[in-house]
Amino acid sequence: MTDPEDREQQAAVSRLLLHYLNAPIAEGCRLRGVLPARGAVRIAVHAGNDETGMDFLYEIPNDTVAPAYVPGVLRAVLTGTQIYSSSDVSEAMGMTLIRLRPQEITPDPEPEQGLALTVLRALSEPGDDENPFLIGFLMHGDGLMRLYVQRPDRPGIIGADIRLTNTRTALIASIPALIGEEQHQQPAPDDPHCDLLVDLTNW
């Protein structure tokens, strides 16, 4: 694989799928690996239990879908009935290889845990004088999550409530600035783990 865009796509998909090593990508389906292919990425999935299950390789062409949509495409394929032409099915490395046409597949939405992981990864870089440290989090259910952050230049812990279904990239990028604005802060009498609370659920 020599094309720089192929390398970038492959690396992005590999990073996105890492957390599926610890959790099923869909019910009864576990990630086995992410393999490079010319102009495509191949995702190895084990379907079924360890003894009687089967291994599949799903091939997704690099120029058909952004890396962020790959997990949703896989969930759609693994949880629904799919029909493939014989030209899209072959074998590689002892696994059934299926070439997907992602432009014809509606990606399944990211589950709540996946949305939470996206937010937490984006905010988990070490803080500095401008950006707060993420020091904890709590998922409340109903798509709500409280982030616990602390600014190095100020005392106290701030809790920030967000709605996971509203976590667009712009909101994630704005969270450090929003929690630092005093007009958004209020006391947090019901949570002994923070001194102030910021409600970002409607952003």
Side-chain angles (χ1 to χ4, degrees), residues 8-34 43 45 65-76 78-79 107-203:
E8 289 174 18
Q9 179 100 354
Q10 178 78 29
V13 171
S14 294
R15 283 191 303 271
L16 281 167
L17 294 178
L18 282 178
H19 75 274
Y20 292 109
L21 289 170
N22 283 333
I25 196 162
E27 187 174 348
C29 298
R30 299 194 74 82
L31 179 71
R32 292 286 306 276
V34 180
I43 296 102
V45 174
V65 63
Y69 292 102
V70 169
V73 168
L74 285 173
R75 278 192 302 275
L78 295 170
T79 58
D108 273 7
E110 184 75 37
E112 187 173 286
Q113 292 83 356
L115 294 170
L117 185 60
T118 299
V119 172
L120 295 170
R121 277 184 174 160
L123 299 175
S124 62
E125 292 297 318
D128 53 34
D129 287 346
E130 298 295 321
N131 295 303
F133 283 89
L134 175 70
I135 59 173
F137 64 93
L138 177 65
M139 294 176 65
H140 284 293
D142 296 325
L144 296 175
M145 182 167 66
R146 179 164 292 171
L147 306 169
Y148 293 95
V149 297
Q150 189 170 35
R151 296 184 63 99
D153 58 341
R154 297 183 194 164
I157 295 172
I158 300 172
D161 288 340
I162 63 169
R163 188 170 302 282
L164 291 168
T165 53
N166 291 346
T167 51
R168 300 173 305 280
T169 304
L171 172 61
I172 295 171
S174 300
I175 287 174
L178 291 170
I179 63 170
E181 296 177 3
E182 292 185 8
Q183 70 264 27
H184 298 305
Q185 299 173 357
Q186 59 188 12
D190 298 330
D191 188 339
H193 303 98
C194 60
D195 304 295
L196 297 169
L197 190 61
V198 175
D199 185 356
L200 302 177
T201 56
N202 294 319
W203 286 81

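Values reported hereafter were calculated over all heavy atoms of this structure, with side chains retained and with hydrogens, waters and symmetry mates removed.
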Q | Nearest-0.5 Å distance that lies between atom CG in Leu78 and atom CD1 in Ile25 | A | 6.5 Å
**Q.** Residue pair Pro67 / Val13: nearest heavy atoms and the distance that separates them
**A.** CB-CG2, 3.9 Å
Q.
Can you tell me how far apart CE (Met145) and CD1 (Ile162) are? Round to the nearest 0.5 Å.
A. 4.0 Å
Q | Full working for side chain to side chain contact (heavy atoms under 4.5 Å, CB included) between Arg146 and Leu197 | A | CA-CA 9 Å; Arg146 179 164 292 171; Leu197 190 61; 3.4 Å; yes
Q.
For Arg30, I'd like to know if atom CZ has over 12 heavy atoms of other residues, nucleotides or ligands within 6.0 Å.
A. yes
Q. Counting only heavy atoms not in Glu27, do more than 12 sit closer than 6.0 Å to its CD atom?
A. no
Q. Roughly how far, to the nearest 0.5 Å, is CG of Leu117 from CG of Leu18?
A. 10.0 Å
(Q) Assess the residue pair Leu16 and Val70 against the criterion (side chain to side chain contact (heavy atoms under 4.5 Å, CB included)); give the C-alpha distance rounded to whole Å, side-chain angles, the decisive distance to 0.1 Å, and a yes or no. (A) CA-CA 8 Å; Leu16 281 167; Val70 169; 5.7 Å; no
Q) When rounded to the nearest 0.5 angstrom, what distance separates CG in Leu164 from CG in Leu144? A) 7.5 Å
**Q.** Side chain to side chain, Leu17 and Pro71, heavy atoms closer than 4.5 Å
**A.** yes
Q | Backbone of Thr201 reached by a side-chain donor or acceptor of Asp199 within 3.5 Å | A | yes
**Q.** Gap between atom CD of Gln186 and atom CD1 of Ile158 - 0.5 Å precision
**A.** 12.0 Å
**Q.** From Leu196 atom CG to Asp191 atom CG, the distance as rounded to the nearest 0.5 Å
**A.** 11.5 Å
Q) Which pair of non-hydrogen atoms, one from Tyr20 and one from Leu31, has the smallest distance, and what is that distance? A) O-CB, 3.9 Å
Q) Where the side chain of Gln185 meets the backbone of Ile179, is there a donor-acceptor pair that is under 3.5 Å apart? A) yes
Q: Given side chain to side chain contact (heavy atoms under 4.5 Å, CB included), test Leu138 with His140 step by step and report yes or no.
A: CA-CA 6 Å; Leu138 177 65; His140 284 293; 3.7 Å; yes
Q. Do the side chain of Glu112 and the main chain of Gly143 share a donor and acceptor less than 3.5 angstrom apart?
A. yes
Q.
When you compare the side chain of Pro107 with that of Arg75, does any pair of heavy atoms fall below 4.5 Å?
A. no
Q) Taking atom NE2 of His193 as the centre, does the number of heavy atoms from other residues, nucleotides or ligands within less than 6.0 Å exceed 12? A) no
Q.
Atom OH of residue position Tyr148 - does it have more than 12 heavy atoms of other residues, nucleotides or ligands inside 6.0 Å?
A. yes
